[in-house]
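Model, not experiment: these values are computed from the prediction. These values consider heavy atoms only, across backbone and side chains, with no hydrogens, waters or symmetry-generated copies.
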Amino acid sequence: QVQLVESGGGLVQAGGSLRLSCAASGLTFSSYTMGWFRQAPGKEREFVSFISWNGGSTTYTDSVKGRFTISRDNAKNTVYLQMNSLKPEDTAVYYCAASYRKSASYYYTGVQGYDYWGQGTQVTVSS
């Protein structure tokens with residue numbers, strides 16, 4: 001059974017940092033593009049970042065560029081999201097997702113492009 005388990009969420013003040021982790025099991029981790037999404041109350045789930053199978057390519061949504069960094073360790077079957085200079089508008093449930101190869105990379109920026117999802121971890125940034 002495929003499992004993605006997020007950890008590292010919590011409550012931080014604006015300007016602070018948080019590091020999220022996502023541990024994967026039940027799949028060949030290096031065969032999957034990995035992504036992070038977030039969902040605020042009353043909002044649709046939105047794309048944050050993705051990283052290719054070997055970490056050679058990364059993509060970020062404009063609102064987090066320069067503040068967030070995605071990385072992966074295939075030996076540990078884990079993907080990370082380092083979040084710095086956090087803002088109240090970053091408050092959301094953050095989800096890890098895995099995507100088996102798609103025909104074009106644009107699929108990785110949308111919810112529909114992913115095959116497996118974690119349960120999410122809450123990130124709250126206070127002002």
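- The distance from atom OG of Ser127 to atom CD of Gln13, rounded to the nearest 0.5 Å, is 9.5 Å.
- Follow the hydrophobic side-chain contacts under 4.5 Å out from Tyr116 and you never reach Phe50; the two are in separate clusters.
- For the atom pair NZ of Lys87 and OG of Ser63, the computed distance is 8.0 Å after rounding to the nearest 0.5 Å.
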>> Please determine whether side chain to side chain contact (heavy atoms under 4.5 Å, CB included) holds for the pair Met34 and Leu4, giving the CA-CA distance in whole Å, both sets of side-chain angles, and the decisive distance to 0.1 Å.
In response: CA-CA 11 Å; Met34 301 298 297; Leu4 304 177; 4.3 Å; yes
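- Within the 3.5 Å criterion, the main-chain N or O of Gly15 finds no donor-acceptor partner in the side chain of Ser85.
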>> For a side chain to side chain contact (heavy atoms under 4.5 Å, CB included) check, start with the C-alpha distance between Met83 and Val125, then their side-chain angles and the critical distance, and finish with the verdict.
In response: CA-CA 11 Å; Met83 306 185 295; Val125 184; over 6 Å; no
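- Looking at Arg38 and Leu81, their side chains never come closer than 4.5 Å, going by heavy atoms from C-beta outward.
- Test Val93, Leu20, Leu18, Val5 against Thr121 for side-chain contact (heavy atoms from CB on, under 4.5 Å) and you get one pass: Leu20.
- Rounding to the nearest 0.5 Å gives a distance of 12.5 Å between CD of Gln82 and CD1 of Ile70.
- Between Thr78 and Ser21, the shortest heavy-atom distance links the atoms CG2-CB, 4.4 Å.
- In this structure, Phe68 and Tyr60 approach most closely via the heavy-atom pair O-CE2, 3.3 Å.
- Under a hydrophobic-cluster definition in which Ile, Leu, Val, Met, Phe, Trp and Tyr are linked whenever side-chain heavy atoms come within less than 4.5 Å, directly or via other members, Val2 and Phe29 are assigned to the same cluster.
- Across every non-hydrogen atom of Thr58 and Ile51, the tightest pair is CG2-CG1, 3.7 Å.
- Taken to the nearest 0.5 Å, the CZ atom of Arg101 stands 10.0 Å off from the OG atom of Ser31.
- A disulfide (SG to SG under 2.5 Å) check over residues 11-55, counting only residues at least two apart or in different chains, returns the pairs Cys22-Cys96.
- Hydrophobic clustering (side-chain heavy atoms under 4.5 Å, transitive across Ile, Leu, Val, Met, Phe, Trp, Tyr) groups Trp36 together with Tyr100.
- When hydrophobic clusters are built by joining Ile, Leu, Val, Met, Phe, Trp and Tyr residues whose side-chain heavy atoms come closer than 4.5 Å, directly or via intermediates, Val123 is not grouped with Tyr95.
- For residues 106-127, every residue pair satisfying the salt bridge (charged side-chain N to carboxylate O under 4.0 Å, His left out) rule, not counting sequence neighbours, is listed here: Lys102-Asp115.
- Considering all non-hydrogen atoms of both residues, Ser30 and Asn74 come closest at CB-ND2, 3.7 Å.
- Note that the OH atom of Tyr108 and the OG1 atom of Thr33 stand 3.5 Å from one another [nearest 0.5 Å].
- Applying the salt bridge (charged side-chain N to carboxylate O under 4.0 Å, His left out) test to residues at least two apart or on different chains, the pairs with a partner in residues 67-76 are Arg67-Asp90.
- Between Thr59 and Ser49 the shortest heavy-atom distance is O-OG, 2.9 Å.
- Side-chain N or O atoms of Ser99 include one that pairs as donor or acceptor with a backbone N or O of Gly113 at under 3.5 Å.
- Within a 6.0 Å radius of CD in Gln119, no more than 12 heavy atoms belonging to other residues, nucleotides or ligands are found.
- Here Phe37 pairs with Phe47, Tyr114, Trp117 under the ring pair (Phe, Tyr, Trp, His ring centres under 6.0 Å) rule; sequence neighbours left out.
- With sequence neighbours excluded, no residue forms a ring pair (Phe, Tyr, Trp, His ring centres under 6.0 Å) with Tyr107.
- Across all their heavy atoms, Ala98 and Leu27 have their closest contact at CB-CD1, 4.1 Å.
- Sorted by first and then second residue, the salt bridge (charged side-chain N to carboxylate O under 4.0 Å, His left out) pairs with a member in residues 5-31 form an empty list; sequence neighbours excluded.
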